[in-house]
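A quick write-up on the structure given underneath.
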Amino acid sequence: MLNFANIFDNMNILAIESSCDETSAAVITNGDIRSNVVATQLIHTQYGGVVPELASRAHQQHILPVVDKALNDAKVTKKDLDAIAFTKGPGLLGALLVGTSFAKSMALGLDIPLIEVNHMQAHVLAHFIDDPKPAFPFLCLTVSGGHTQIVKVTSPLDMEIIGETRDDAVGEAFDKTAKLLDLPYPGGPLIDKYAAEGNPAAYQFPLPEMPGLDFSFSGIKTSFLYFLQKQVRENPDFITENIHDICASIQHTLVDILLKKLKKATKETGIKEIAIAGGVSANSGLRKSLTEMGEKMGWKVYIPAFEYCTDNAAMIAIAAHFKFLAGEFCDQTVSPLARMEF
Ligand code: KG4
Ligand code: ZN
């Protein structure tokens, strides 16, 4: 394999992320993140979820200042860049189009190569930004607003999904349940906050039975709904009076579902290097329970820094770094994909 790193003294890549409601740009030099700028779109809060058309418009407004700031923070000029990377998918098509078009025009204007990145693979590779880095092969539980996957990672560019959700993602389960509790979007972090002062054993819910390493969250979401409806019929103030215990019990149930499958995956594969990634990996209940389970089971556990859990361009940049070294570039005919396989 050609090693492109030898050709460059300083290999500078600008990476752009625009798959959902975060416009982000980062600069990486020889594998070190030099800047990571994230503009979060607050407009969606009032609608209780991401509105695709508004997301595309907000990306158009944010992308130039975000890219400028990423270059300035890294003290890198456009002329210093050796490649432009972007999220090709999966995500909202209109949102992806903004980042993809921007990256393509910039690469064309500067006459430098383009690198396409799979957003879900980038979440996994965020573990290679800082130390300690997982050893290969490792398992990564990738948990976000749109995905729930157990990924077997053999090398930076070789990974396989060995289990995934058949319906809702766990982040969606957090957010939709939060809506039932009248919490604003995105509700996941708020459930986490209230759960900190609640009793996780206050209310119990039946765990879904799914074969193999796959997940299902639609049934449990309905259980939460029926439980809340019943309680509110008996006491209209049930939610406000018990918000901490409700959130702690819901969070405990969702984390339990995730960790049971992860345990099964380690048994089946014999792999004991375990990582988590994606927005829901910011959840303190998941971080704590995984750490405890790791100690009990003799796993080596890798938990990303908070800034690299939710969507960011630094993870796109580190994925692009590996692709650059392997000489994996794409051409100007590339289009974004709402759904994208590994
Ligand atoms: O990876 P991400 O930023 O975007 C997607 O690619 O989907 O993940 C966003 C998801 C949302 O569902 C959000 O509620 C959830 O991550 N999330 C959390 C926490 N922080 C973010 N869920 C539970 N607890 C948290 N602390
Ligand atoms: Zn994501």
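Along the sequence shown, residues carry numbers from 1. Whatever order the structure lists ligands and atoms in, that order sets their numbers, starting from 1.
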Open item on the list: Please confirm whether His123 approaches ligand 1 to less than 4.0 Å, judged on its heavy atoms.
Closed with: yes

Task: ligand 1 contact by His119, heavy-atom criterion under 4.0 angstrom - done: yes

TODO: Check whether more than 12 heavy atoms from other residues, nucleotides or ligands sit under 6.0 Å from atom NZ of Lys261, and answer yes or no.
DONE: yes

TODO: Would you indicate which of Asn312, Val50, Val38, Asp175 comes nearest to atom 11 (C) of ligand 1 when only heavy atoms are counted?
DONE: Asp175

- [ ] Could you tell me whether Thr310 approaches ligand 1 through its side chain, its backbone, both or neither, with non-hydrogen atoms closer than 4.0 Å?
- [x] both

TODO: May I ask you to check whether Gly171 has an N/O atom sitting below 3.5 Å from an N/O atom of ligand 1?
DONE: yes

Task: Exceeds 12 heavy-atom contacts within 6.0 angstrom, atom CD of Glu341 - done: no

TODO: Please indicate whether Lys264 has more than 12 foreign heavy atoms, meaning atoms of other residues, nucleotides or ligands, lying under 6.0 Å from its NZ.
DONE: yes

Task: Gly278, Cys309, Gly279, Gly285: member with heavy atom nearest to atom 20 (N) of ligand 1 - done: Gly279

- [ ] Give a yes or no on whether Tyr302 atom OH has more than 12 heavy-atom contacts from other residues, nucleotides or ligands under 6.0 Å away.
- [x] yes

Open item on the list: Test of geometry: compute the angle NE2(His123)-the Zn ion (ligand 2)-OD1(Asp311) and round it to 10°.
Closed with: 100°

TODO: Kindly check if the number of other-residue, nucleotide or ligand heavy atoms within 6.0 Å of NZ (Lys133) is above 12?
DONE: yes

Task: Sub-4.0 Å heavy-atom approach of Gly146 to ligand 1 - done: yes

Task: Asn283-ligand 1 polar pair, N/O distance under 3.5 Å - done: yes

Task: Atom CG of Asp111 with >12 non-hydrogen neighbours under 6.0 angstrom - done: no

Open item on the list: Just checking Glu209: does its CD atom have more than 12 heavy atoms from other residues, nucleotides or ligands closer to it than 6.0 angstrom?
Closed with: no

Task: is_close_aromatic(Phe238, Phe227), centroid dist under 6.0 Å - done: yes

Task: His119 near the Zn ion (ligand 2): N/O/S under 2.8 Å - done: yes

Task: Asp192: numbered ligand 1 atoms lying under 4.0 Å from its heavy atoms - done: 24 (N), 25 (C), 26 (N)

Task: Nearest-neighbour protein heavy atom for atom 15 (C) of ligand 1, which is reported as residue plus atom name and distance - done: Val280 CG2, 3.9 Å

- [ ] Check each atom of ligand 1 against the heavy atoms of Ala282 and keep those under 4.0 Å away; list them by number with element.
- [x] 20 (N), 26 (N)

Open item on the list: Out of all atoms in ligand 1, which are within 4.0 Å of some heavy atom of Gly145? Include the element for each.
Closed with: 5 (C), 7 (O), 8 (O), 9 (C), 10 (C), 12 (O)

Open item on the list: Just to confirm my output: which protein heavy-atom neighbour is closest to atom 22 (N) of ligand 1, and how far is it?
Closed with: Gly188 CA, 3.6 Å

TODO: Please report the closest heavy-atom contact between Phe329 and Pro113, naming both atoms and the distance.
DONE: CD2-CB, 3.5 Å

TODO: Could you tell me whether Asp311 and ligand 1 have an N or O pair separated by under 3.5 Å?
DONE: yes

TODO: Indicate the ring-plane relationship of Phe128 and Phe136, choosing parallel, tilted or perpendicular according to the 30° and 60° boundaries.
DONE: parallel

